[in-house]
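Computed from a predicted structure; not experimentally measured.
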Amino acid sequence: MTALLNEDNRLLETLQQLLGLRAVELRPALTEASDWVAEALGAEKVDVLLYDAASTSLVAMGTSDTPMGRRQHELGLNRLPLANGGPQVRVFQTGAPYLTGRADQDPEQIPGNVEGLGVRSNLDVPLDVDDQRRGVLSAMSTTPDRFTERDKAFLTAVAGWSGMVVHRAELVEQLGTAAKQRGHEEAAEEIARISRREREVAVLIAMGLTNGEIARRLVLVEGTVANHVEHILRKLKLRSRTQVATWAVQHGLYRLAEAEDEVAEPAGRDSWQGRTVGDQSASGQPDSQTPE
């Protein structure tokens with residue numbers, strides 16, 4: 001009775017640890033959880049297997065840092081094609097848990113697990129994410145009859161927690177993607193505030209050219225270039241050429257111009273080579289006269 005109580009306490013403590021895990025990135029969270037679960041069960045390997053549609057396989061996204069766990073990766077057993085069958089695949093497809101203490105006597109067992117890893121006890125439970133079957137939580141040991149029905153109930157609870165972690169990680173990724181998209185849209189709107197010619201001028205400012213050099217590069221009157229610079233400053237609410245240069249780089253215009261060769265090479269490259277972005281102000285005078 002005391003032994004059972006101690007075992008229940010150990011499993012409960014592990015569940016409490018899992019609930020307190022704050023890692024946002026999926027692999028580190030599942031790997032750390034696999035370590036805790038392996039220790040709680042006395043398992044030599046625990047895997048969180050998630051379905052990868054691209055390869056139609058179950059892939060170990062989290063594996064306990066144990067000798068058997070490392071050996072599994074060396075043998076390539078961390079990826080289980082559905083076509084190859086096996087207990088983990090059947091659990092994924094049917095949702096029915098699997099428990100055996102004599103894996104070497106089960107003809108459905110993957111030979112690599114039995115022969116390569118020496119597995120004798122195997123416990124697998126389904127893993128659902130947002131009410132959809134997404135994978136399997138698997139525990140293995142070289143000791144026959146290592147796992148019990150109590151362990152199965154524990155691993156089922158851990159699978160529920162794992163599903164929440166996967167769902168949380170996916171939501172964070174979706175939010176990040178959405179934020180990045182919003183950033184691209186906002187950047188595009190800001191770029192659209194200035195004309196194509198003004199964008200060309202901004203790129204040349206980022207390259208360190210003076211108004212005179214920009215005029216020669218674009219075959220314009222220097223006064224026209226000065227007007228373009230003033231328009232850029234006003235439209236973007238900037239105060240100096242340095243800020244214009246920074247804006248052009250941040251919005252990808254400078255790199256884009258280099259990649260697509262939008263602006264022709266200057267006739268006299270030596271006339272501007274070596275200048276720094278902050279050498280000139282909006283009017284072509286030293287930038288120190290223009291407040292940042």
Side-chain angles (χ1 to χ4, degrees), residues 22-29 53-54 129-130 165-292:
R22 295 300 181 216
V24 174
E25 293 185 19
L26 189 58
R27 280 187 181 272
V129 178
D130 197 25
V165 170
V166 173
H167 188 47
R168 180 179 65 185
E170 290 177 344
L171 288 175
V172 169
E173 183 179 355
Q174 290 170 8
L175 289 173
T177 300
K180 186 176 181 179
Q181 180 60 32
R182 286 196 301 272
H184 287 321
E185 291 173 355
E186 291 172 0
E189 291 175 0
E190 191 166 345
I191 291 173
R193 293 179 189 173
I194 60 177
S195 68
R196 179 179 178 82
R197 177 64 83 186
E198 289 164 351
R199 290 196 290 271
E200 291 175 341
V201 171
V203 168
L204 295 175
I205 289 174
M207 293 173 66
L209 275 64
T210 65
N211 283 359
E213 291 165 340
I214 293 173
R216 289 192 293 275
R217 171 77 68 96
L218 299 180
V219 193
L220 296 173
V221 176
E222 187 171 345
T224 300
V225 173
N227 289 336
H228 283 317
V229 173
E230 293 298 335
H231 293 162
I232 293 170
L233 294 173
R234 185 181 71 256
K235 291 178 181 179
L236 299 180
K237 299 180 180 179
L238 302 177
R239 294 183 296 172
S240 71
R241 296 173 76 90
T242 299
Q243 291 181 347
V244 172
T246 301
W247 179 89
V249 172
Q250 288 176 340
H251 288 74
L253 294 181
Y254 189 19
R255 292 188 298 276
L256 183 62
E258 290 181 324
E260 298 183 359
D261 196 24
E262 289 186 353
V263 182
E265 284 295 318
R269 187 177 180 86
D270 292 340
S271 65
W272 57 268
Q273 201 168 30
R275 290 185 180 276
T276 60
V277 165
D279 283 345
Q280 302 292 322
S281 69
S283 62
Q285 300 302 315
D287 197 41
S288 59
Q289 297 181 10
T290 307
E292 291 292 329

- Message: Restricting to side-chain hydrogen bond (donor to acceptor under 3.5 Å, both in side chains), what partner residues turn up for R197, sequence neighbours left out?
- Response: E200
- Message: A side-chain contact here means heavy atoms from C-beta on lying under 4.5 Å apart; do E213 and M207 qualify?
- Response: no
- Query: What heavy-atom pair brings R241 and I205 nearest, and what distance separates the two atoms?
  - Reply: O-CG2, 3.5 Å
- Message: List the residues meeting salt bridge (charged side-chain N to carboxylate O under 4.0 Å, His left out) with R234, not counting sequence neighbours, and say none if there are none.
- Response: none
- Item | Any side-chain heavy-atom pair of L218 and L204 under 4.5 Å | yes
- Message: Within this structure, what is the CG-NE2 distance for the pair L236 and H251, rounded to the nearest 0.5 Å?
- Response: 8.0 Å
- Query: What are the two closest heavy atoms between A202 and A248, and how far apart are they?
  - Reply: O-CB, 3.9 Å
- Compare every heavy atom of L253 with every heavy atom of W247, then report the nearest pair and how far apart it is. CZ3-CD1, 3.3 Å
- Roughly how far, to the nearest 0.5 Å, is NZ of K237 from CD of Q243? 13.5 Å
- Task: Find out whether V244 and V229 are in side-chain contact, i.e. whether some heavy atom of one side chain is under 4.5 Å from a heavy atom of the other.
- Result: no
- Query: H228 and T224: side-chain contact (heavy atoms from CB on, under 4.5 Å), yes or no, with the steps?
  - Reply: CA-CA 6 Å; H228 283 317; T224 300; 3.7 Å; yes
- When rounded to the nearest 0.5 angstrom, what distance separates CD in E230 from NZ in K235? 12.5 Å
- Item | Residue of the set N227, N211, V225 for which side-chain contact (heavy atoms from CB on, under 4.5 Å) holds with L220 | V225
- Rounded to the nearest 0.5 angstrom, the CG-CD distance for L233 and E198 is 10.0 Å
